[in-house]
Amino acid sequence: MRSPRRCSRNGCPRQAVATLTYVYNDSTAVVGPLAAFAEPHTYDLCEPHARSLTAPRGWELVRHDGEFAPPPPTTDDLVALAEAVREAARPTPRLDDFPEQPSGHQTGRRGHLRVIPPSH
């Protein structure tokens, strides 16, 4: 499952709710709602960091006036969670579940691996 995006500030464990972008040509920093996808040269911020951010001297800061809310889970997240739960609930075959071969070796499938008896 995809984990929620975290704040880009060092050591901050909070979930991101805003995205910071820079418009270098205009010397402007923009803090807006969380972008749909993480992009290079943007920074995801939690609400406290989005609210307290200041721009460098000579720069203009444009900040979203509304509430910063965490994004709702996407269907991709829900499908991934359901698949993870199904995978965790599957019984794991034990090696002794496979029939015993006359040579004393066991063969069979275990996940994506196959146990092959050694050739004599």
Give every residue pair that meets the salt bridge (Lys or Arg N to Asp or Glu O under 4.0 Å) criterion with at least one member in residues 13-41, sequence neighbours excluded.
none
According to salt bridge (Lys or Arg N to Asp or Glu O under 4.0 Å), does anything in residues 54-64 pair up with another residue at least two apart or in another chain? List the pairs.
none
Verify the cluster assignment for W59 and L53: are they in a single hydrophobic cluster under the rule of side-chain heavy atoms below 4.5 Å apart?
yes
Answer yes if Y43 and Y24 sit in the same cluster of Ile, Leu, Val, Met, Phe, Trp and Tyr residues linked by side chain heavy atoms under 4.5 Å apart, and no otherwise.
yes
Can a donor-acceptor pair be found, under 3.5 Å and without considering hydrogens, that links the side chain of T42 to the backbone of T21?
no
Does D44 offer a backbone N or O that forms a donor-acceptor pair with the side chain of T19 under 3.5 Å?
no
Check [X] against [Y] and note the closest heavy-atom contact, atom names and distance.
{"X": "H49", "Y": "C7", "result": "ND1-SG, 3.4 Å"}
{"X": "L61", "Y": "A55", "result": "CB-CB, 3.9 Å"}
{"X": "C12", "Y": "C46", "result": "SG-SG, 3.7 Å"}
{"X": "V31", "Y": "F68", "result": "CG1-CZ, 4.0 Å"}

dist L45:CG -> Q15:CD (nearest 0.5 Å) comes out at 13.0 Å
Contacts of R51 that satisfy salt bridge (charged side-chain N to carboxylate O under 4.0 Å, His left out) - sequence neighbours left out
E47
